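Model, not experiment: these values are computed from the prediction. Just so it is clear: chains get the letters A, B, ... in the order the sequence lines come, proteins before strands, and each one is counted from 1.
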Amino acid sequence: MTAEGGVQYSKIAEIKGPLVVVDDVDSAAFDELVEIETNEGERRLGKVLEVGNGKAVVQVFEGTSGLSIAGTNAKFVGKVMEMPVSKEVLGRVFDGLGRPKDGLPDPIADKFVDINGEPMNPEQREYPKDFIQTGVSVIDGLMTLIRGQKLPIFSGSGMSHNLLAAQIARQASVVGKQDDFAVVFVAIGVQYSEAEYFRRSLEESGALKRSVLFLNTADDPAIERIITPRVALTVAEYLAFDLGMHVLVIMTDMTNYAEALREISAAREEVPGRKGYPGYLYTDLSTIYERAGKLKGRKGSVTQIPILSMPSDDITHPIPDLTGYITEGQIVVGRDLFRQGVYPPINILSSLSRLMKDGIGEGSTRADHSEVSNQVYDAYSRAQEVRALAGIVGKAGLTEIDLKYMEVGDIFEKEFLTQATDENRTIEETLDLMWKIVSKLPKNEITKIKDKYVDQYYKGE
Amino acid sequence: MSQRHPLASNSALEITIDKILKNTEKDILSNIKSALDDSHHNLDDSIRKLEHEYDKVISNGKKEADKIEKQIVGSADIETRNKQLLLLEDAVDKVFSKALDQISNVDRSGDYSNLIKSLLKESTQILGTSEITVFTNAKDKDVVQSALSQFSGAELSSDTIDCLGGIIAKSKDGTMKFDNTLDARIERLKPLIRKEIASTFGVGS
């Protein structure tokens, strides 16, 4: 940071959607921070999207409403947008641009970091293989979250993904280690009531002191949403790689982020891709998701749980589709289970954690974890088939073993999947519940678990 | 000779009754024994269940206690930290306003004229032209006027601005402006100055 400021230009050529085109600019840089000053002296932030031919296209984060060509000034600050970071950010609430929203002063900065981050050297990346306990049985048991992983939650509008997100934020921990753990919670375009729920939920559970909240509400300018995840990830990276903490970043709702990106793309008159999203949606999303990981020789890690609501519950929509290419698995929230009143309504058959296999087992969770999890998946899958069959031939047409599987499916949903929003289950409790389900099957149906574990944990007749 | 029916004999009847009684007694004793065994069994089961329930209640209680402890400690920590932050900010503000007072009353001779020259030089370089109009406050007018002799094409505006010191340079066509007042420079460096002040109070690195 220097005392030298930037030049202020007063020749505005055009205001187009969220963009301001400034004329006669000769020394602007790509991504440079711009302060837009309105007629009334109000200041708004923006960044340079394009430069050349004496023009600079500036994207105004706080929107262009109320701006006029005459009287508007654009000051090119001479640096990219930076976030002040220090340990003091823990327990704080910020808006979508990283400004305090809790009535307290700016945190005393340890340093100022470019919000675009630095790409992780692939050679320096360490393969993620340590378990994070979320306290939610279905996640810990069947789609285990691993430190450094990016595991999105695919949901739909109106479903309970925000409840789940807040529960994970309150309960997540690193088991059996004294390592510091922090949660960076990023709300992108959420309703005011939801933002308040997240804040109160963390405050009342005592989890706020290890959390940082970035709240961009639905009434904040859409363009601000482009910055929110980047500001939050900058803080997460600092906590992880400078302070050695294990940081879980929960971002909800990434669909609102993509909508903002589409808005800018339309204003720039770019050729639209699928459903009007820009052709570079994949690349842009990767600049966010790829900021998760672990580095060799560094103690901390950044784990991401991006949440996105799929328009019309369509998993082939460009946002979940492209997200799925970048991330390491997905947790799918199911409409049918939600309608049945099951919480969390996670459809395990469409969900998967690709890194789970490396983070569970002896020394991490328990030696039988992998096998009992496979057996539960298998049993629930069979239960779903039997339910479909019962819908056609009726229960009377089912065999005794079919009925057993049906019972297993019911127990799975009622006792394992269903969990109170304030119920924090340990991994041992989760595994015991999984054995309770498996034990409802006759021994000869247990084909995926070694005999020694069956002898040790099976509780059936 | 007529034969007697066995039941007609008292002793046979007694034998039979004895037999029945013995059998009944045996049955009753066996039933009592099995009931006792069942009771023991049930009792053992109940004890096991009770112990299990007891462990569950204790474990749930412990979890709830941990949760409440976390809530209380967490809220107290946050409250304390917030109060500390507000106190610190108050102290930083006081230091700032005292420093600004001193800067506004600084002696305008000697080094100060060099400072104005370097501010003018920096401004013309950044704007890319020396065809500029310079604005300053009433106190600095003379210093700026004398420094401007080294910048051909630059002229001092008759309008004064409200600032601690320094200058604002505006291109003569009015399209570019560079704020090089002391106020603007301090504002740009404020986060670093706050950090310095805070560290003297033992906060931050």
Short N-O contact, B:E196 and B:R194, less than 4.0 angstrom:
no
Does any backbone or side-chain atom of B:L85 lie under 4.5 Å from a heavy atom of chain A? Answer side chain, backbone, both or neither.
both
Between B:K49 and B:D45 (salt bridge meaning N to carboxylate O under 4.0 Å), is one present in this structure?
no
N-O pairing of B:K170 and B:D179 below 4.0 Å
no
Part of A:N424 lying under 4.5 Å from any heavy atom of chain B:
backbone
If you measure from the Lys or Arg side-chain nitrogens to the Asp or Glu carboxylate oxygens, is any gap between B:E155 and B:K172 under 4.0 Å?
yes
Note: A:K79-A:D114 ion pair, threshold 4.0 Å (strictly below)
no
Taking A:P105, A:G103, A:G91 one by one, which has the highest count of heavy-atom pairs under 4.5 Å against chain B?
A:P105
Answer with side chain, backbone, both or neither: which region of B:D77 has an atom nearer than 4.5 Å to a non-hydrogen atom of chain A?
side chain
Turns out that what part of A:E429 lies under 4.5 Å from chain B's heavy atoms comes down to side chain
Salt bridge or not for B:R81 and B:E79, using N-O below 4.0 Å?
no
Contacting moiety of A:R92, where chain B heavy atoms sit under 4.5 Å
both
Without swapping roles, check the side chain of B:K139 against the backbone of B:S104 for a donor-acceptor pair under 3.5 Å.
yes
Quick one: list whatever passes side-chain hydrogen bond (donor to acceptor under 3.5 Å, both in side chains) with A:E196, sequence neighbours left out.
A:R199
For chain A, find its close neighbours in residues 52-73 of chain B: heavy-atom separation under 4.5 Å, sorted by number, or none.
B:K63, B:K67, B:K70, B:Q71, B:V73
Give a yes or no on whether a salt bridge exists between B:D37 and B:K33, defined as a side-chain N under 4.0 angstrom from a carboxylate O.
yes
